[in-house]
Amino acid sequence: MYILVSRDGGKVLVAPLTDDGSASAPELTLSDAEFGRYVQEQDSAARWVWDDTVAWYPRLLAGGIRIARCHDLRLCHVILRHSTLSAGSDLASAPAGEWDASALSGGAGEGEALFELGHGGLPDPRGEFLRQLEAVRAATAPGRLRLLLAAESAGALVAAEMQFAGLPWRRDVHERLLATELGPRVPHGTRPERLERLAARIRVALEAPALNPDSPVELLRALKATGLPIASTRAFELRRVEHPVIEPLLEYKKRSRLLSANGWAWMDAWVVDGRFHPEYLPGGVVTGRWAARGGGALQLPKQVRGAVVADDGWKLVVADAAQLEPRILAGLAADVAMADAGRGTDLYAGIVAGGVVETRQQAKGAMLGAMYGATTGQGGQLLPRLAAAYPRAVAAVEAAARLGERGDVVTTLLGRSSPRPDAGWRAAQAQASQPGATAADERRARSQAREWGRFTRNFIVQGSAAEWALCWLAEIRKELWEVGTRADASPGGSPAPFRRRPHLVFFLHDEVIVHTPEALAKEVAEVVREAAARAGRLLFGEFPVDFPLSARIVDNYAEVT
DNA sequence: AAAGAGAGCGCG
DNA sequence: AAAGCGCGCTCTCTTT
């Protein structure tokens, strides 16, 4: 059963709908408080349909209310609008409207537009929902698309819940770390003691008494003046030359990065009451991966992960999917040989054991090369051996690359399609095929075509992996709630839905962290593991590809390497 | 003074 | 000269 909710001035309109979207009960007009009570009274099988999870769910969570399922019209619109599986639908062929504009502002833009949705919202959600139902019904593979929309929407719930709960963060631990690495705290904009000492050593070594090591331009000029053969100040390049300045300079860069990205200012801005509350953006990346805004949640350096510590009496269950993308590729391409290589073992080790390459590093390099489109270097050189051993998998990514090079669209396993290249790209291709095209025109067109081919090549793998991860998250979320209920940690509808229950607190593409009461930790680890197996079956049915996890029960995120 | 580009580095 | 994919954030330097 669906329950469509929308805004009417200060009121909430509630419309129960059947599976085909027709009214199943009279519409209600409720105040916010009445709406909260109404939500709690409904069966947990209800699927809440709303324009935007961000506009609705945080308020419910703040009121102590957790829901089981939703359909996020904004996120689903984006998928259906571009998917090749629903290409013939009215929804896909209509001119661009407000639902399309909302995707842009919601994805990467200002964020203000989203916030305003709380009052008024997007136009005619009922009509939009009916168009979405019809687009799915008439789609090429409705089952896949339906799963994708459900997973995407579940992801939106997880994102809101994780933002609400926050990642446990110990200020004192973080402060100790900063004091050790940088010295005593100084005001923003000034250089802490240890950095200042390193800067002094750099100036001496380069005989540049006024050098500002934060300026790449000044630094490069000074490095060249001492005769070092480098073209940039990147750490990678610096490590390849020998000079007394290199050691203090690399130290400086490392610590300076800590200060600017995750220093005292970061802590003051993002850690509140012992929790880091980043804003996750489901669907924020074209491939379907999440993005995040504020605090760099998806770039937490290993350096500071020691500050992520479970509460007293609680544990962190940290799990990541081993070699997720190659396994996804094996499933996508139905490459039994590659799936076999990963069964019950590290997939790269399995490739070595199969005699395809000599070392694990080579196996990894070749796999990444195949998925990213490397033509040179180790990855490119080993590609023929990979292709000989796993012809189906390699053919799948090659085919995706060829489509992209032609400007065509590719689609993930569940139905998310890649964007088309922009007008500039098309113009460059057209230009190169004109009779009077110069060699430069042709070179440029070929280079851009290959570039887009690398994007589409990777899109099918990264995008399908993101779908697996969404299914994994959704299964984890569902089962954790069951575990919490069985343990009677807190009856549904307590003032704080996650205060006593195991709950997700972090997600990073192929990795999750669950914060759980210690007594439930083992059960939670099993839930996370089982959810991975279920996600695999949801995507690939009986095709025999494994998704092993490293799941560890720890007090501290830094314990996991 | 503000906005944008580029460099650099963090994560998967 | 280009060079394997996808991101966000901070800082410098240039442009408006």
Side-chain angles (χ1 to χ4, degrees), chain A residues 107-108 188-189 191 212-221 231-239 249-250 252-263 265-266 269-270 278-281 283-305 320-326 328-329 364-383 397 400-401 404 410 412 418-419 439-440 443-444 446-448 450-466 468-469 506-512 557:
Chain A
H188 190 61
R191 203 175 265 141
N212 170 14
D214 294 323
S215 165
V217 175
E218 280 183 46
L219 191 55
L220 186 59
R221 200 185 310 130
S232 80
T233 67
R234 293 206 171 124
F236 178 75
E237 199 164 350
L238 293 175
R239 268 189 268 277
L249 181 53
L250 291 174
Y252 181 89
K253 280 174 167 283
K254 188 83 186 156
R255 292 171 203 250
S256 160
R257 167 81 192 181
L258 173 65
L259 171 66
S260 64
N262 298 97
W266 179 90
W270 298 107
E279 181 184 4
Y280 296 95
L281 302 173
V285 179
V286 280
T287 58
R289 274 188 176 182
W290 290 11
R293 179 161 55 201
L298 305 186
Q299 308 135 255
L300 271 189
K302 299 215 158 86
Q303 221 178 354
V304 301
R305 293 184 179 182
D320 79 283
Q323 306 93 40
L324 177 60
E325 292 197 344
I328 291 292
L329 175 56
K364 187 173 179 177
M367 271 308 315
L368 291 177
M371 294 187 297
Y372 292 166
T375 53
T376 60
Q378 195 193 56
Q381 280 161 14
L382 293 172
L383 188 60
V397 286
V410 297
T412 59
S418 64
R443 216 168 31 240
R444 192 163 59 102
R446 204 172 310 127
S447 154
Q448 288 188 12
R450 288 211 189 102
E451 191 178 326
W452 199 258
R454 288 194 300 275
F455 167 63
T456 53
R457 167 196 294 269
N458 185 248
F459 185 96
I460 59 165
V461 181
Q462 187 183 120
S464 301
W468 180 92
F506 195 61
F507 169 57
L508 186 54
H509 309 316
D510 59 0
E511 176 175 351
V512 298
Y557 192 14

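Because the structure is predicted, anything quoted here is derived from the model rather than measured. Just so we're on the same page: letters track the sequence lines, and every chain starts at 1.
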Where do Thr412(A) and Phe459(A) land on the side-chain contact (heavy atoms from CB on, under 4.5 Å) test, with the steps shown first? CA-CA 7 Å; Thr412(A) 59; Phe459(A) 185 96; 3.8 Å; yes

Step by step, would you call Lys254(A) with Gln303(A) a side-chain contact (heavy atoms from CB on, under 4.5 Å)? CA-CA 10 Å; Lys254(A) 188 83 186 156; Gln303(A) 221 178 354; 4.1 Å; yes

Which is it for Phe506(A) and Val512(A) under the side-chain contact (heavy atoms from CB on, under 4.5 Å) test, yes or no, and what are the steps along the way? CA-CA 5 Å; Phe506(A) 195 61; Val512(A) 298; over 6 Å; no

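The Arg257(A) side chain lies nearest to dG8(C) when the options are dG4(C), dG8(C), dC11(C). Of the candidate nucleotides dC5(C), dT12(C), dC7(C), dT12(C) has the atom nearest to the side chain of Asp214(A).
At the heavy-atom level, Ala235(A) lies under 4.0 Å from the strands shown only through sugar-phosphate atoms. Using a 4.0 Å heavy-atom cutoff across all strands shown, Arg289(A) reaches at least one base atom of the nucleic acid. Leu324(A) comes within contact range of no nucleotide atom at all, as no heavy-atom separation falls under 4.0 Å. Note on Gly377(A): nothing from the nucleic acid sits closer than 4.0 angstrom, heavy atoms only. Residue contacts for Ser256(A): at a heavy-atom cut-off of 4.0 Å it reaches no nucleic acid atom on any strand shown. Within 4.0 Å (heavy atoms only), Gly296(A) reaches sugar-phosphate atoms of the nucleic acid but no base atom. No contact: Arg443(A) has no heavy atom under 4.0 Å from any strand. Ala297(A) comes within 4.0 angstrom of no nucleic acid atom, judged by non-hydrogen atoms across all strands. Note on Gly263(A): nothing from the nucleic acid sits closer than 4.0 angstrom, heavy atoms only.
Across all their heavy atoms, Pro419(A) and Val286(A) have their closest contact at CG-CG1, 4.2 Å. The nearest pair of heavy atoms linking Ala292(A) to Leu298(A) is CB-CG, 3.8 Å. Across all non-hydrogen atoms, the minimal contact from Val304(A) to Leu300(A) is CG2-CD2, 4.4 Å.
On the nucleic acid side, DNA chain B has its first and last nucleotide under 4.0 Å of a heavy atom of chain A at dG8(B) to dG12(B), going 5' to 3'.
Between Thr376(A) and dG4(C) there is a side-chain N or O to OP1 or OP2 distance below 4.0 Å.
Taking the nucleotide of DNA chain C with the nearest heavy atom to each of Gln299(A) and Asn458(A), the more 5' of the two is matched to Asn458(A).
Paired regions of DNA chain C, where each region holds three or more successive Watson-Crick or G-U pairs whose two hydrogen-bonding distances fall under 3.5 Å, are B:1-12 with C:5-16.
Side chain to side chain, Tyr252(A) and Arg191(A) meet the donor-acceptor criterion of an N or O pair below 3.5 Å.
Under the 4.0 Å criterion applied to side-chain N and carboxylate O atoms, Arg457(A) and Glu451(A) are not assigned as salt-bridge partners.
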Give each protein N/O atom lying under 3.5 Å from an N/O atom of nucleotides 13-16 of chain C, with the pair distance.
unit_1: dC13(C); atom_1: OP1; unit_2: Ser215(A); atom_2: OG; d: 2.1

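Using a 4.5 Å cut-off on side-chain heavy atoms (C-beta onward), Met367(A) and Lys364(A) make no contact. For the pair Leu281(A) and Trp290(A), the minimum side-chain heavy-atom distance is 4.5 Å or more. Put simply, the side chain of Lys253(A) reaches to within 4.5 Å of the side chain of Thr233(A), judged on heavy atoms.
With rounding to whole Å, Leu258(A) atom CG is found 15 Å from dC11(C) atom C1'.
By the 30° and 60° cut-offs, the orientation of the rings of Phe455(A) relative to Trp452(A) is tilted.
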